[in-house]
Amino acid sequence: MVQLGLIGLGKMGFNMRERLRAAGHEVVGYDRNPDVTDTTSLEDLVSKLDGPRIVWIMVPAGEPTRQTVTELSNLLDGGDMVIDGGNSKYTDDKLNADLLRAKNIGYVDCGVSGGVWGKDNGYGLMVGGAAADVERAMPIFDALRPEGPREEGFSHAGDVGAGHYAKMIHNGIEYGMMQAFAEGFELLEAAKVVNDVPAVIKGWQRGTVVRSWLLDLLVRALDEDPELDDLEGYVEDSGEGRWTLEEAINNAVPAPVISAALFARFASRQEHSAAMRAVAALRNQFGGHAVKKAGG
C-alpha cells in the first residue's frame with residue numbers, strides 16, 4: 001500500500017482517486033470543490049501525509065500547475081516527490097524540476113490518457129524522470145495503468161519532460177485519427193448510395209484495419225444520436241495539437257495530417273469565415289461563379 005496526495009479532483013482526478021483506492025492505496029485528495037475534497041488546503045493535505053511524501057498534481061496546465069508546484073516547494077521536505085499528471089507543455093517540466101531540485105524534492109512528469117473511461121479501463125501512462133523516482137512511484141503507476149503487460153500501458157519515456165512530450169505526440173496522432181473518422185462519416189452521410197451510415201460504421205468494429213477504441217466511441221455516439229444532429233460542429237483544442245506542430249516545424253518533420261486536423265478545428269469555430277468569403281469572391285471574379293449574398 002502506498003500513500004498519495006492528489007491535487008485536483010475533476011473528471012480525471014476524481015476517477016483516478018477512486019481507482020487507486022480500489023487497488024488498496026491510501027489517497028488524500030484536495031480540490032477547491034468542498035463536495036469532493038478530503039482536505040481544506042494544500043498545507044492541510046501535506047500535513048496529512050507521512051514522509052517521504054508523494055504528491056500528484058491534476059490541475060489545468062500552465063499557470064495553475066506552476067503555482068501549485070511553487071506552493072508545494074514551500075510545503076514539502078527534502079526526499080518528497082511531485083508528479084505532474086496534467087497536460088503541461090514539456091518545456092514547463094524542466095522549470096518545475098529545477099525549482100524542486102533546489103530543495104531536494106523529486107519531480108516526475110506523467111502524460112495520462114484514458115479520459116473518463118480510465119477509472120474502469122485503466123490509464124495509458126507516459127512518464128519522464130529519474131529512474132529511481134519512477135521506480136518509487138511504480139505501485140501507483142501499476143494501479144492506474146490497464147491490466148495486462150506493463151509495457152503495453154506504461155512507458156518510462158526518458159528524463160524529465162519526456163512523459164509530457166510523448167503525450168503531446170500521442171494527442172497529435174489522436175487529432176488526425178479523429179479527423180479521418182469524422183471526414184469518413186461526413187462522406188458516407190453525403191453519399192446517396194449508403195442508406196444506413198451507423199450500420200456501416202458499426203460494421204467496422206471487428207475484422208477491419210480501422211477498428212479501434214476511437215471507432216468504438218463513434219459507434220456509441222451514433223447509437224445515441226444516429227445523425228449527430230444534437231451537436232454543433234464546434235471543436236476546441238487543448239493545446240497539444242499546436243505544440244505537436246511546433247515540434248514538427250522545429251525538427252523539420254512533415255506532419256500534414258495532424259496540421260490539417262488542427263486547422264479543421266479552427267475552421268469549426270468560424271461561423272462566417274473571412275477566408276472562404278475571399279475564396280467565393282475570387283471564384284466570382286475570375287470565373288463568374290455564383291455567390292451567396294450575406295443575409296440572403
I need the [X] [atom1] to [Y] [atom2] distance, nearest 0.5 Å.
X	Y	atom1	atom2	result
Trp56	Arg17	CH2	CZ	15.0 Å
Tyr123	Arg19	OH	CZ	7.5 Å
Ser73	Arg101	OG	CZ	13.5 Å
Met1	Leu20	CE	CG	12.0 Å
Leu125	Met138	CG	CE	9.5 Å
Met12	Asn87	CE	CG	7.5 Å

Would the distance check show the side chain of [X] and the main-chain N or O of [Y] forming a donor-acceptor pair, the cut-off being under 3.5 Å?
X	Y	result
Asp31	Val36	no
His156	Gly129	yes
Asp84	Asp109	no
Asn251	Val253	no
Asp225	Asp230	yes
Arg269	Val235	yes
Thr65	Gly86	no
Arg145	Gly148	yes

Checklist line | Qualifying residues under side-chain hydrogen bond (donor to acceptor under 3.5 Å, both in side chains), relative to Asn121, sequence neighbours excluded | finding: none
Check: Can you name the side-chain hydrogen bond (donor to acceptor under 3.5 Å, both in side chains) partners of Lys119, sequence neighbours left out?
Finding: none
Give the cluster check for [X] versus [Y]: same hydrophobic cluster or not, with ILVMFWY residues linked at side-chain heavy-atom distances below 4.5 Å.
X	Y	value
Phe266	Trp243	no
Val112	Leu217	no
Met177	Val200	yes
Ile249	Met168	no

If you define the side chain from C-beta out and look only at heavy atoms, does anything of [X] sit under 4.5 Å from [Y]?
X	Y	answer
Pro64	Gln67	no
Thr37	Arg32	no
Leu245	Tyr175	no

Check: In terms of heavy-atom contacts, does CD of Glu232 have more than 12 from other residues, nucleotides or ligands at under 6.0 Å?
Finding: no
Check: Does CH2 in Trp117 sit with more than 12 non-hydrogen atoms of other residues, nucleotides or ligands closer than 6.0 Å?
Finding: no
Margin query: The criterion is ring-ring contact (aromatic ring centres under 6.0 Å, His included); which residues satisfy it with Phe181, sequence neighbours excluded?
Written below: none
Check: Who are the ring-ring contact (aromatic ring centres under 6.0 Å, His included) partners of Phe14, not counting sequence neighbours?
Finding: none
Notebook entry, point to check: Out of Asn96, Asp98, Asp92, Thr91, which one pairs with Lys94 under the side chain to side chain donor-acceptor pair (under 3.5 Å) rule?
Noted result: Asp98
Looking only at non-hydrogen atoms, find the nearest pair between [X] and [Y] and report the distance.
X	Y	result
Leu215	Arg211	CD2-CA, 3.8 Å
Pro198	Pro226	CG-O, 3.6 Å
Gly106	Asp133	CA-OD2, 4.0 Å
Gly85	Met58	O-SD, 3.2 Å
Pro139	Val2	CB-CG2, 3.6 Å

Notebook entry, point to check: Side chains of Glu236 and Ser238: donor-acceptor distance under 3.5 Å anywhere?
Noted result: no
Check: Do Lys167 and Asn171 have side-chain atoms, one donor and one acceptor, less than 3.5 Å apart?
Finding: yes
Notebook entry, point to check: Do Met178 and Arg265 pass the side chain to side chain contact (heavy atoms under 4.5 Å, CB included) test, and can you show the C-alpha distance, the side-chain angles, and the key distance before you say yes or no?
Noted result: CA-CA 11 Å; Met178 292 172 68; Arg265 294 192 181 198; 3.7 Å; yes
Note to self: Under the criterion salt bridge (Lys or Arg N to Asp or Glu O under 4.0 Å), I'd like the reasoning laid out for Arg21 against Asp38: C-alpha separation, chi angles, the key distance, then a yes or no.
What the structure shows: CA-CA 13 Å; Arg21 285 177 173 173; Asp38 303 316; 2.9 Å; yes
Margin query: I'd like to know whether Gln205 forms a side chain to side chain contact (heavy atoms under 4.5 Å, CB included) with Asp216, so could you lay out the CA-CA distance, the side-chain angles of the two residues, the decisive distance to 0.1 Å, and finally the verdict.
Written below: CA-CA 7 Å; Gln205 286 184 282; Asp216 294 342; 2.8 Å; yes
Note to self: Test: salt bridge (charged side-chain N to carboxylate O under 4.0 Å, His left out). Region: residues 39-66. Which pairs qualify, not counting sequence neighbours?
What the structure shows: Asp44-Lys48, Arg53-Asp77, Arg53-Asp80
Checklist line | Residue pairs, two or more places apart or on separate chains, that pass salt bridge (charged side-chain N to carboxylate O under 4.0 Å, His left out) and touch residues 177-203 | finding: Lys202-Asp223
Through direct or indirect side-chain contacts below 4.5 angstrom among Ile, Leu, Val, Met, Phe, Trp and Tyr, which residues connect to [X]?
X	value
Met126	none
Leu49	Ile7, Val28, Tyr30, Leu42, Leu45, Val46, Val55, Ile57, Val59, Val69, Leu72, Leu75, Leu76, Val82, Leu99, Leu100, Ile105, Tyr107, Val160
Leu187	none

Check: Where do Lys89 and Glu246 land on the salt bridge (Lys or Arg N to Asp or Glu O under 4.0 Å) test, with the steps shown first?
Finding: CA-CA 12 Å; Lys89 191 173 185 180; Glu246 288 174 4; 3.0 Å; yes
Next item on the list: Any chance you could lay out the side chain to side chain contact (heavy atoms under 4.5 Å, CB included) test for Ile140 and His25, step after step, and finish with the verdict?
Entry: CA-CA 8 Å; Ile140 299 168; His25 298 299; 5.6 Å; no
Next item on the list: Please determine if Glu224 and Arg220 form a salt bridge, counting it only when a charged side-chain N lies under 4.0 Å from a carboxylate O.
Entry: yes
Identify each donor-acceptor pair in which a side-chain atom of residues 254-263 lies under 3.5 Å from a protein atom, sequence neighbours left out, and give them as a table.
from   : atom 1 : to     : atom 2 : distance (Å)
Ser259 : OG     : Ala255 : O      : 3.1
Ser259 : OG     : Pro256 : O      : 2.9

Checklist line | Working for side chain to side chain contact (heavy atoms under 4.5 Å, CB included), residues Asp142 and Glu147 | finding: CA-CA 9 Å; Asp142 279 341; Glu147 295 181 4; over 6 Å; no
Item checked: Contact list for residues 68-92, test ring-ring contact (aromatic ring centres under 6.0 Å, His included), sequence neighbours left out -> Tyr90-Tyr165
Check: If you look only at pairs with a residue in residues 182-211, which of them pass as a ring-ring contact (aromatic ring centres under 6.0 Å, His included), with sequence neighbours excluded?
Finding: none
